[in-house]
Peer 1: 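Supplied in structure tokens, the structure appears directly below.
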Amino acid sequence: MRPLTDAEMKVVLDKLANYMSDLKSLIAPLDDGDRYVFRLNHSRVYYVRLSIANLATSISRDALLSLGTCLGKVTKTGKFRLHITALPIIAPGARHKIWVKENGAQPFLYGSNVVKAHVGRWSEDCPEHQGCVVYSMSDIPLGFGVTARSTTEARRLDPTGIVCFRQSDCGEYLRDEDTLFAGN
């Protein structure tokens, strides 16, 4: 496990900035003097307390499977792909939100995009191709995606028009359980 390089950190923070409004809260010191850091192990980026990351240095890289919250994976081409495990980190600071009705939650959790007929409400002034968090009507985060249309364009869409392209949803815990936490 090692700290991220400057290039890797820039890619990770750029991706998180698509979804979150305040990145300073991620790296701000905690009340007890500790802070959270980003660490890389087997091409996976982890968000972990510094004190725990320092304790993990005594474990070899091959023996360490996971530590903290896995935010995503750095691909071989140097891009960063967020995993569903990053949802608890992204959801509290989400800039743009979409709430889906009960009849739209199940299709979303099965891997479908969000269509206009399933949207209960959405954040105002949401631009096109911007990261957003998808919630149920009872404010439970279900996943995240990228808006297909801006809020004003989405209001004029027909009911079967796609409003949000799914990037990740809670159903991945079941669908991808064999590869989600694998080291490769």
Peer 1: Would you kindly say whether Ser60 and Asp62 are connected by a side-chain donor-acceptor distance under 3.5 Å?
Peer 2: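 Note: Ser60 and Asp62 side chains miss the donor-acceptor criterion.
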Peer 1: Between His96 (side chain) and Trp122 (backbone), is there a donor-acceptor pair under 3.5 Å?
Peer 2: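 No, because the side chain of His96 does not come within donor-acceptor range (under 3.5 Å) of the backbone of Trp122.
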Peer 1: Any side-chain heavy atom of Val134 sitting closer than 4.5 Å to one from Asp169?
Peer 2: no
Peer 1: Could you give the distance from CD (Glu8) to CZ (Arg2), rounded to the nearest 0.5 Å?
Peer 2: 4.0 Å
Peer 1: Answer yes or no: is there a side-chain heavy-atom contact under 4.5 Å between Val37 and Val48?
Peer 2: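 Heavy-atom side-chain distance check passes, below 4.5 Å.
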Peer 1: If only atom types and distance count, is the side chain of Arg95 paired as donor or acceptor with the main-chain N or O of Ala17 below 3.5 Å?
Peer 2: yes
Peer 1: Just so I know, are the side chains of Cys164 and Cys132 near enough to count as touching, which here means a heavy-atom distance under 4.5 Å?
Peer 2: yes
Peer 1: Checking Ser136 side chain against Leu142 main chain: does a donor-acceptor pair fall under 3.5 Å?
Peer 2: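 Not at all, since once roles are kept as given, no pair shorter than 3.5 Å links the two residues.
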Peer 1: Between the side chains of Lys10 and Asp6, is the shortest nitrogen-to-carboxylate-oxygen separation below 4.0 Å, so that they form an ion pair?
Peer 2: no
Peer 1: For the pair Tyr36 and Tyr47, name the ring-plane relationship: parallel under 30°, tilted 30 to 60°, perpendicular over 60°.
Peer 2: parallel
Peer 1: Just how far is it from atom CG of Leu87 to atom OH of Tyr173, taken to the nearest 0.5 Å?
Peer 2: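 Going from CG on Leu87 over to OH on Tyr173, the span is 7.0 Å.
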Peer 1: With the side chain counted from C-beta on, respond yes when Lys73 and His83 share a heavy-atom pair under 4.5 Å apart, and no when they do not.
Peer 2: yes
Peer 1: Checking the side chain of Gln130 only, and the main-chain atoms of Asn18 only, is there a donor and an acceptor separated by less than 3.5 Å?
Peer 2: yes
Peer 1: Just by modelled atom types, is the Leu64 backbone N or O under 3.5 Å from a matching donor or acceptor in the Asn41 side chain?
Peer 2: yes
Peer 1: When you measure from the side chain of Thr160 to the backbone N and O of Val115, does any donor-acceptor pair fall under 3.5 Å?
Peer 2: no
Peer 1: Mind running side chain to side chain contact (heavy atoms under 4.5 Å, CB included) on Leu16 and Leu26 for me, showing each step along the way?
Peer 2: CA-CA 10 Å; Leu16 289 174; Leu26 289 178; 3.8 Å; yes
Peer 1: With a cut-off of 6.0 Å (strictly less than), are more than 12 heavy atoms of other residues, nucleotides or ligands near CD of Gln106?
Peer 2: no
Peer 1: Does CG in Asp158 sit with more than 12 non-hydrogen atoms of other residues, nucleotides or ligands closer than 6.0 Å?
Peer 2: yes
Peer 1: Report, as yes or no, whether the 6.0 Å neighbourhood of atom OH on Tyr110 holds more than 12 heavy atoms from other residues, nucleotides or ligands.
Peer 2: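 Not more than 12 within 6.0 Å, no.
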Peer 1: Using links of under 4.5 Å between side-chain heavy atoms of ILVMFWY residues, direct or through other members, which residues join Ile140 in one cluster?
Peer 2: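 Direct or chained contacts put Ile140 with none.
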Peer 1: Heavy-atom count check: over 12 atoms from other residues, nucleotides or ligands less than 6.0 Å from Arg121 CZ?
Peer 2: yes
Peer 1: Taking atom CG of Asn103 as the centre, does the number of heavy atoms from other residues, nucleotides or ligands within less than 6.0 Å exceed 12?
Peer 2: yes
Peer 1: Hey, does the side chain of Arg166 reach the backbone of Gly111 with a donor-acceptor pair shorter than 3.5 angstrom?
Peer 2: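 Yes; judged by distance alone, with no hydrogens or angles, the pair exists.
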Peer 1: Check this for me: does any side-chain nitrogen of one of Lys97 and Asp139 sit under 4.0 Å from a carboxylate oxygen of the other?
Peer 2: no
Peer 1: Evaluate the criterion side chain to side chain contact (heavy atoms under 4.5 Å, CB included) for residue pair Arg39 and Leu50; output intermediate values, then yes/no.
Peer 2: CA-CA 10 Å; Arg39 293 291 186 252; Leu50 181 61; 3.6 Å; yes
Peer 1: Side chains of Val74 and Val11: does their closest heavy-atom pair fall under 4.5 Å?
Peer 2: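 Side chain of Val74 against side chain of Val11, heavy atoms only: no contact under 4.5 Å found.
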Peer 1: Please check if the number of heavy atoms outside Arg175 that lie under 6.0 Å from its CZ is greater than 12.
Peer 2: yes
Peer 1: Spell out, as yes or no, whether a donor-acceptor pair under 3.5 Å connects the side chain of Lys116 to the backbone of Arg155.
Peer 2: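 Yes; at least one donor-acceptor contact below 3.5 Å.
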Peer 1: After noting the C-alpha distance and the side-chain angles of Phe80 and Leu71, does the key distance pass the side chain to side chain contact (heavy atoms under 4.5 Å, CB included) rule?
Peer 2: CA-CA 9 Å; Phe80 181 68; Leu71 291 181; 4.1 Å; yes
